[in-house]
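Down below is the structure, laid out as structure tokens.
Reminder, nothing fancy here: chain letters follow the sequence lines and each chain counts from 1.
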Amino acid sequence: MADITFNAIRKSYGRTEVIHGIDAEIADGEFIVIVGPSGCGKSTLLRMVAGLETITSGEVHIGDRVVNALEPRERDIAMVFQNYALYPHMSVFDNMAYGLKIANVPKPEIAERVAEAARMLELEPYLERKPRQLSGGQRQRVAMGRAIVRKPAVFLFDEPLSNLDAKLRVQMRLEIKALQRKLGVTALYVTHDQVEAMTLADRMIVMNAGVCEQIGAPLDVYADPATLFVAGFIGSPPMNVISHDIRPGHGALAPGAVIGVRPEHIDLVEPGTGLIDFDVGFCEPLGAETLVHGVTAAGDKLVVRIDGETRPPADGVKTGLSIDPSKIMMFDPSGHRTSA
Amino acid sequence: MQKRVVFNNRLLPYLLLAPQILVTLVFFFWPAGQAIYQSAFIPDPFGLKTQFVGLDNFRFLFSDPYYLASFKTTVIFSSLVTLVSMGAALWLAVMADRVIKGSSAYKSLLVWPYAVAPAVAGVLWLFMFNPNVGLVAWYLGVLGYDWNHVLNDNEAMGLVVAASAWRQISYNFLFFLAGLQAIPKSVIEAAAIDGATFARRFWTIVFPLLSPTTFFLLVVNIVYAFFETFGVIHTITLGGPQQATTILVYKVFSDGFVGQDLGSSAAQSVVLLFVVGVLTVVQFRYVERKVHY
Amino acid sequence: MSGMVEKRGLGTWLTHIGLILGIAIICFPIYMAFVASTVTQSEIAQPPMPLLPGPHFIDNYTAALTQGINAPVMTMLVNSMVMALGITIGKISISLISAYAIVYFKFPFRMAFFWMIFLTLMLPVEVRIVPTYEVVAGFGMLNSYSGLILPLIASATATFLFRQFFLTVPDELVEAARVDGAGPVRFFIDILLPMSRTNIAALFVILFIYGWNQYLWPLLITTEPEMNTIVMGIKQMFPSGDDIANWPVIMATTLMAMLPPVAVVVLMQRLFVKGLVESEK
């Protein structure tokens with residue numbers, strides 16, 4: 001069990017800096033998801049914690065130790081890889097036991113720990129099989145088992161679910177969450193999938209282009225995004241971005257500044273009665289909700305989320321838009337939130 | 001070329017490389033250097049000391065009619081071996097590709113000659129064509145042809161070519177068969193629907209599609225004929241009659257070990273080094289690209 | 001309609017006949033050798049020799065194995081086996097570890113070493129025989145197993161094959177092993193080596209044949225009959241003058257010289273084809 005501290009971490013390959021100084025404090029037992037688009041540096045950050053990449057400058061603390069110079073095995077971590085990285089020639093048992101064997105753990109204890117992990121992960125019938133004889137979900141479990149038996153202070157997950165099909169992904173997501181709760185081990189989890197991030201994280205670190213955009217609990221980040229990037233990345237469909245000020249009594253927006261409104265914070269009303277008129281383009285009925293796509297009179301493209309039981313407007317109909325002023329967010333030209 | 005994550009040990013990689021580098025230095029680079037060095041000297045008649053002669057050994061070599069004849073012999077020999085073994089192998093591969101049943105059985109029956117050493121192949125063919133006791137030689141005699149490769153240049157050449165090509169057929173067969181089986185059946189069926197006869201299909205569609213394999217095998221067979229047929233020549237003809245079957249590699253051996261002319265042998269080694277270099281570059285430049293991309 | 005089928009059937013039959021004929025021609029030299037190894041010297045000396053095997057199989061092979069002509073064939077078989085295995089195991093071992101160093105480590109002069117090994121591709125033994133002979137003689141390794149084996153042990157081909165294979169091993173495996181606490185030596189022994197099994201086996205087949213079939217090199221450095229290998233020893237069994245060669249014993253020896261590599265190819269055909277294709281890449 002350990003807390004983790006990132007202290008102004010930077011990473012360069014030659015002259016190209018890919019991570020531009022990350023600071024974060026992670027509490028013992030917390031489940032932290034690092035989320036961002038591909039190439040944002042999230043995996044590199046995780047691999048620096050693991051000791052698989054050198055840290056160009058700054059410090060990583062695990063517990064009370066600075067681990068920059070330590071080998072992976074000295075950091076008291078375990079890692080689950082995207083493609084599982086199971087040893088193809090070893091049985092499930094040997095895959096899980098390998099790290100313990102290297103650490104010279106006595107044989108009876110190895111057997112006991114592997115058996116316990118196998119029971120937890122429902123892998124008991126497969127212990128003698130080779131990885132190629134397992135399904136994708138089972139391989140994923142073995143990879144987790146390999147991490148569990150080590151009893152590490154920190155779990156590192158590098159996009160562990162991205163090779164699974166959609167249904168299995170949801171199931172494994174729940175299992176990972178339950179397991180981490182049960183074991184109480186600090187977890188760092190990298191993904192590009194914002195749904196995974198929202199559902200798993202105690203707190204999430206949203207990264208973009210080597211910079212940490214925001215750290216916070218999922219719902220806080222959703223309700224109160226610090227930047228336009230976060231507003232667009234977290235939430236599906238993403239926040240509407242409007243480049244004309246539609247609030248009554250306000251003048252034009254500063255050049256480059258925009259307004260953001262979540263689709264669920266807009267209501268359709270009679271034409272002429274809302275803040276602005278709206279031309280409905282087409283609707284996507286999803287059952288529980290319907291997404292209405294269209295263009296405002298000022299020319300901004302918007303998505304409005306309405307209740308699934310409400311009859312959706314016909315394509316091409318003119319309506320008005322009503323928006324709760326307290327839900328409107330302002331972003332300055334650099335993409336940061338402003339109050340006015 | 002390398003892994004994303006590498007080990008950082010300082011000494012270990014050198015220790016791991018040491019055996020191979022050591023063997024390479026002692027048995028490859030040192031002798032090759034010696035060959036180049038010796039090629040610039042001639043020993044005095046008593047072998048007591050050597051005298052620097054610069055490029056004279058090479059000049060002498062390329063004005064030596066025997067050496068030039070050996071060059072010509074090598075070219076004829078290599079061309080014939082390549083032609084015969086590739087031709088026979090292609091013929092067998094086309095037939096094996098045509099039969100649906102038993103294709104793999106035929107394959108098993110055709111691959112093993114590759115395992116026969118060139119020297120053993122030489123002895124096998126020598127036995128059949130031995131002018132005194134050879135069965136084939138005897139039946140040729142019955143038909144009125146007096147076979148004697150010990151005396152007749154062309155017969156000697158024919159025999160070493162046959163023995164060398166015989167052993168190489170299985171190698172060529174394997175690659176031709178693989179090449180043929182890699183041609184999509186739909187292409188050939190389309191041609192058949194277009195009304196092309198088997199022969200026409202073969203020459204206008206199959207053979208062009210097979211050309212990367214053919215080119216690759218061409219280089220491999222030339223390398224084989226140049227450098228790996230020493231055993232055949234040594235067992236059957238010893239380079240004779242006179243010098244009729246003395247290919248370049250055989251001449252390096254006979255001048256160096258039988259004739260004890262070290263300067264000339266070394267110069268010949270250097271020339272061969274150059275030939276190998278050219279063939280290797282051709283192999284890598286063209287073969288890699290053409291066959292695998 | 002039936003005409004079509006009939007024509008097709010005929011074509012298939014012709015193809016089969018063609019193939020069988022081809023195989024018969026290719027096998028004929030071996031058959032003649034076998035017949036010769038089962039008859040007496042006098043039957044061969046008065047041509048034409050018989051076309052069917054005779055009753056002297058055991059006599060001829062026993063004579064070859066226990067007495068031979070210069071040295072018992074048994075001795076030569078042992079020498080060949082030692083040489084072939086020595087070359088095979090030696091080549092595979094040093095190539096494995098040098099390829100491992102080149103792929104998995106970063107160190108000064110890595111590329112220089114790589115090119116140094118690459119250049120040996122261009123230097124077959126046949127090209128550098130005289131100076132290599134002098135080096136081996138200088139070490140006092142004439143008529144010794146080390147002299148037979150060591151100069152043939154370095155091979156760029158095997159190193160490249162393993163390098164190629166190592167490059168296809170996912171990076172995550174070495175990372176997982178490092179997280180599990182394995183250092184470079186453990187990773188090599190526990191993970192990489194077992195994963196290379198098929199490649200090692202395929203290369204073993206190819207290299208065993210290569211080692212067994214060496215001719216020129218043993219011819220140069222083994223002057224004592226007791227050190228001859230079987231492939232080069234056959235030629236030494238022919239009389240130098242006009243004497244008639246002892247064909248039954250020579251042919252028995254020839255067949256025994258072929259047997260081990262042919263058996264390896266036939267028994268491990270799948271690995272052999274794999275090795276052949278990969279070593280030419």
Residue part contacting chain B, namely of V262(C), when any heavy atom lies under 4.5 Å: both
Does N132(B) reach the main-chain N or O of A45(C) with its side chain, forming a donor-acceptor pair under 3.5 Å? no
When you compare the side chain of V130(C) with that of S269(B), does any pair of heavy atoms fall below 4.5 Å? no
Quick check on L96(C) against chain B: is it the side chain, the backbone, both or neither that has a heavy atom closer than 4.5 Å? neither
S95(C) versus chain B, heavy atoms under 4.5 Å apart: side chain, backbone, both or neither? both
Do the side chains of I20(C) and Y106(B) get nearer than 4.5 Å, heavy atoms only? yes
Verdict with supporting geometry, T15(C) and V94(B), side-chain contact (heavy atoms from CB on, under 4.5 Å): CA-CA 9 Å; T15(C) 312; V94(B) 168; over 6 Å; no
Region of W247(C) in contact with chain B, defined by heavy-atom distances below 4.5 Å: side chain
Can you tell which of Y100(C), Y104(C), F105(C) makes a side chain to side chain contact (heavy atoms under 4.5 Å, CB included) with P13(B)? F105(C)
Between F166(C), F187(C), Y133(C), F139(C), who has the most heavy-atom pairs with chain B when the cutoff is under 4.5 Å? Y133(C)
What part of F208(C) is in contact with chain B, defined as an atom under 4.5 angstrom from a non-hydrogen atom: side chain, backbone, both or neither? neither
Does the gap between the ring centers of F109(C) and Y14(B) come in under 6.0 Å? no
Taking V223(B), T24(B), T235(B), L124(B) one by one, which has the highest count of heavy-atom pairs under 4.5 Å against chain C? T235(B)
By a 4.5 Å heavy-atom criterion (distance strictly below it), what part of L51(C) contacts chain B: side chain, backbone, both, or neither? side chain
Rounded to the nearest 0.5 Å, what separation is found between the CZ atom of F29(B) and the CE atom of M116(C)? 5.5 Å
Say you draw a straight line from NZ of K106(C) to CZ of R10(B); how long is it, rounded to the nearest 0.5 Å? 12.5 Å
Is the closest side-chain heavy-atom distance between L16(B) and I102(C) below 4.5 Å? no
Scored by heavy-atom pairs under 4.5 Å with chain B, the best of L150(C), I25(C), V266(C) is L150(C)
Contacting moiety of L259(C), where chain B heavy atoms sit under 4.5 Å: neither
So for W166(B), is it side chain, backbone, both, or neither that comes closer than 4.5 Å to the heavy atoms of chain C? side chain
Which atoms of E134(C) are under 4.5 Å from chain B, going by heavy atoms: the side chain, the backbone, both sets, or neither? side chain
Please classify the contact between M95(B) and chain C as side chain, backbone, both or neither, with a heavy-atom cut-off of under 4.5 Å. both
Specify which of A18(B), S108(B), G33(B), A88(B) makes the most heavy-atom pairs with chain C at under 4.5 Å. S108(B)
Got a sec, which residues hit side-chain hydrogen bond (donor to acceptor under 3.5 Å, both in side chains) with Q236(C), two or more places apart in sequence or on another chain? none
Check whether L22(B) gets within reach of chain C through its side chain, its backbone, both or neither, counting any heavy atom under 4.5 Å. neither
Quick one: which of V265(C), L219(C), L255(C) has the most heavy-atom pairs under 4.5 Å with chain B, could you say? L219(C)
Quick one: what part of L174(B) sits under 4.5 Å from any heavy atom of chain C, side chain, backbone, both or neither? side chain
Report which part of V264(C) has an atom under 4.5 Å of a heavy atom belonging to chain B: side chain, backbone, both, or neither. neither
What is the distance from atom CZ of F28(C) to atom CH2 of W125(B), rounded to the nearest 0.5 Å? 9.5 Å
Under a 4.5 Å cutoff for heavy-atom pairs, which residue among I209(C), I153(C), V174(C), L220(C) has the most contacts with chain B? L220(C)
Counting only heavy atoms closer than 4.5 Å, note whether V231(C) contacts chain B via side chain, backbone, both or neither. both
I need the E228(B) CD to Y215(C) OH distance, nearest 0.5 Å. 15.5 Å
Hey, does K235(C) have a side-chain heavy atom less than 4.5 Å from the side chain of V123(B)? no
Please round to the nearest 0.5 Å and tell me the distance separating atom NE2 of H234(B) and atom CG of L216(C). 8.5 Å
Apply side-chain contact (heavy atoms from CB on, under 4.5 Å) to the pair I26(C) and L92(B), showing each step before the final yes or no. CA-CA 11 Å; I26(C) 284 176; L92(B) 288 167; 3.9 Å; yes
Do M32(C) and L135(B) have side chains that get closer than 4.5 Å, going by heavy atoms? yes
Side chain from CB out, backbone as N, CA, C, O: work out which of these in I234(C) comes under 4.5 Å of a heavy atom of chain B, or both, or neither. side chain
Close side-chain approach of F188(C) to F7(B), heavy-atom, < 4.5 Å: no
For chain C, find which of W112(B), F127(B), Y114(B) contributes the most heavy-atom pairs closer than 4.5 angstrom. F127(B)
Contact part of P260(C) toward chain B, heavy-atom cut-off under 4.5 Å: side chain, backbone, both or neither? neither
Min side-chain heavy-atom separation I97(C)-Q20(B) under 4.5 Å: no
Interchain contact, L248(B) with chain C, by part (heavy-atom threshold 4.5 Å): neither
Tell me, please, which residues at least two apart from Y37(B) pass ring pair (Phe, Tyr, Trp, His ring centres under 6.0 Å). F41(B)
Answer key: most heavy-atom pairs under 4.5 Å with chain B among G22(C), P261(C), P29(C) is P29(C)
Are any non-hydrogen side-chain atoms of I117(C) and L17(B) less than 4.5 angstrom apart? yes
P48(C) to W138(B) - nearest heavy-atom pair and separation: CD-CZ2, 3.2 Å
Against chain B, label M251(C) side chain, backbone, both or neither, depending on which of its atoms sit under 4.5 Å from a heavy atom there. side chain
Under 4.5 Å to a heavy atom of chain B? For L19(C) that would be both
Is chain C contacted by the side chain of V26(B), its backbone, both, or neither, given a heavy-atom distance below 4.5 Å? both
Part of L238(B) within contact of chain C (heavy atom distance under 4.5 Å): side chain
To the closest 0.5 Å, what do you measure between CG (L110(B)) and SG (C27(C))? 7.5 Å
Which one of Q46(C), K91(C), R178(C), M232(C) has the most heavy-atom pairs closer than 4.5 Å to chain B? R178(C)
